[in-house]
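One structure is given below, encoded as structure tokens.
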Number of protein chains: 2
Amino acid sequence: MTGGSQHRQAEAGKRYDVFHTDCLARDVVDHVTSRWGIWVLISLRSNSLRFYELRESIQGISEKMLAQTLRALVQDGLVWRKVEPTTPPQVTYGLTEFGQDVGEPLTELFDRITERLSRPGAG
Amino acid sequence: MTGGSQHRQAEAGKRYDVFHTDCLARDVVDHVTSRWGIWVLISLRSNSLRFYELRESIQGISEKMLAQTLRALVQDGLVWRKVEPTTPPQVTYGLTEFGQDVGEPLTELFDRITERLSRPGAG
DNA sequence: CGGCATCCTCGATGATACTG
DNA sequence: CAGTATCATCGAGGATGCCG
């Protein structure tokens, strides 16, 4: 990235530059806000889950997409992955500290939307 | 949606049901976390902007996508749109109360990610 | 300037089958 | 169970051009 760490500059006039350009943060944001990323992260907030638990948890996701999404999130350092070499194999996923950091505003976002939509007059 | 307002239930064991199924909230979440939605919302947090200002603000976005994203956000009640019938025409966009509600955790999310990535040992 | 319609491309996503 | 590989598709998104 070019600018570096220009986060939290909310001064009027000087708008964000980060998300305009090629920034590593943008990739992570893209992963987090990807079609399935947000649901994976929220799913893992309460407790760690195994692969098939995640798959059943997030209805509509295919194994491929789940694996792909998890791979990206693991690579970004948001999710950890623990393999137990039993038979059958057992792989557990959970949130890293970073993942929890990110999951918080994500859940907040989700909550605010659902709350708003469940309100009578809102719309 | 079926369950209604089961938000903020973070009890282990009972996972979210909302985002698994067909829920109006899911649509809004999809719009907000769409490729461009998040940047539009964050862009508008500090102040309202005109169409072309937004376009220049969010590098890489096409007019089509900007218009489309804005339309969705306006329809969801996150963004308002004001047309001034001057010549040339002048259209301004800004966040509604709902939009500000949503923009907050969104910015928080963004900030946490950039902060993390700008930290030395993280990664 | 704002924005819609059209065409077209490409990548994300899904279905299926196979491996360890 | 937990993936990976391959193939087919569908729609998001970009380019262009036209209109008020």
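Numbers restart at 1 for each chain; the letters A, B, ... are given by sequence-line order, proteins then strands.
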Length of the CG-C1' vector between Leu70(A) and dC1(D), whole Å: 14 Å
Closest nucleotide among dC1(C), dG3(D), dG3(C) to the Phe51(B) side chain: dG3(C)
For His31(A) and dG11(C), what is the distance between atoms NE2 and C1' respectively, to the nearest whole Å? 14 Å
Report the distance from atom CZ of Arg55(B) to atom P of dC4(C), rounded to the nearest whole Å. 14 Å
Would you mind reading off the distance between Lys82(B) atom NZ and dC1(C) atom P, rounded to a whole angstrom? 19 Å
Using atom CD1 of Ile61(A) as one end and atom C1' of dA15(C) as the other, report the distance to the nearest whole Å. 15 Å
Please determine, for the side chain of Pro89(A), which listed nucleotide (dG20(D), dG3(C), dA2(D)) has the closest atom? dA2(D)
Spacing between Arg35(B) atom CZ and dG11(C) atom P, to the nearest angstrom: 12 Å
Nearest-nucleotide 5' precedence on DNA chain D, Ser62(B) against Gln90(A): Gln90(A)
By nearest atom, which of the nucleotides dG3(D), dA15(C), dA15(D) is closest to the Lys64(A) side chain? dA15(C)
Let's go through Leu70(A) and Leu54(A) carefully: what are the C-alpha distance in whole Å and the side-chain angles of both, what is the deciding distance for side chain to side chain contact (heavy atoms under 4.5 Å, CB included) to 0.1 Å, and is it a yes or a no? CA-CA 10 Å; Leu70(A) 282 170; Leu54(A) 267 172; 4.0 Å; yes
Rounded off to whole Å, could you give me the CD-to-P distance for the Glu84(A) and dA2(D) pair? 11 Å
Does the side chain of Tyr93(A) get closer than 4.0 angstrom to OP1 or OP2 of dG3(D) through an N or O atom? yes
Taking the six-membered ring where the residue is Trp, are the ring centres of Trp39(A) and Phe110(A) under 6.0 Å apart? yes
In whole Å, what is the span from the CZ atom of Arg71(B) to the P atom of dG2(C)? 15 Å
To the nearest 0.5 angstrom, please state how far the OG atom of Ser48(B) sits from the CZ atom of Arg50(B). 12.5 Å
Single hit among Asp30(B), Val29(B), Leu109(B) for side-chain contact (heavy atoms from CB on, under 4.5 Å) with Ile38(A): Val29(B)
Please state whether the phosphate of dC1(C), meaning OP1 or OP2, lies under 4.0 angstrom from any side-chain nitrogen or oxygen of Arg50(B). no
Any donor and acceptor pair, going by atom type alone, linking the side chain of Trp80(A) with main-chain N or O of Val74(A) inside 3.5 Å? no
